[in-house]
Amino acid sequence: MSNLTELKGNWNETKGKLKQKFAILTDNDLMLVEGKQDELIGRLQVKLGKTKEDVHKIISEL
């Protein structure tokens with residue numbers, strides 16, 4: 001996955017792409033809070049039924 005600074009800088013765009021690709025995701029699912037990146041990844045894992053590595057790969061490919 002992109003480094004955290006890149007991810008945070010482009011998060012609104014990334015969030016929109018994730019919502020387009022996975023309609024099941026909500027704004028609450030995609031809240032990126034400082035220091036809570038692992039929680040965000042965990043939430044996406046549960047919601048999408050993917051592994052941590054899969055979630056990182058999905059985000060890096062957007």
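In this text, all values refer to a predicted model and were calculated from it rather than measured experimentally. Just so you know, residue 1 is the first one in the sequence shown, and it goes up from there.
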Original post:
Do the non-hydrogen side-chain atoms of Ile58 and Phe22 ever get within less than 4.5 Å of each other?
Top reply: yes
Original post:
So which heavy atom on Ile41 is nearest to which on Lys52, and how close?
Top reply: CG2-CG, 3.8 Å
Subject >> Leu62 to Lys21 - nearest heavy-atom pair and separation >> reply: CD2-CD, 4.4 Å
Original post:
Once you round to the nearest 0.5 Å, how far does CD of Glu61 lie from NZ of Lys17?
Top reply: 12.0 Å
Original post:
Are side-chain heavy atoms of Thr14 and Leu30 found at a separation under 4.5 Å?
Top reply: no
Subject >> Nearest heavy atoms of Arg43 and Asp29, plus distance in Å >> reply: NH1-O, 2.9 Å
**OP:** Would you kindly confirm whether Val46 and Ile59 end up in one hydrophobic cluster when ILVMFWY residues are joined by side chain heavy atoms under 4.5 Å apart?
**Re:** no
Subject >> salt_bridge(Glu53, Lys57) N-O dist < 4.0 Å >> reply: no
Original post:
Do Leu25 and Lys15 pass the side chain to side chain contact (heavy atoms under 4.5 Å, CB included) test, and can you show the C-alpha distance, the side-chain angles, and the key distance before you say yes or no?
Top reply: CA-CA 9 Å; Leu25 297 176; Lys15 182 168 63 170; over 6 Å; no
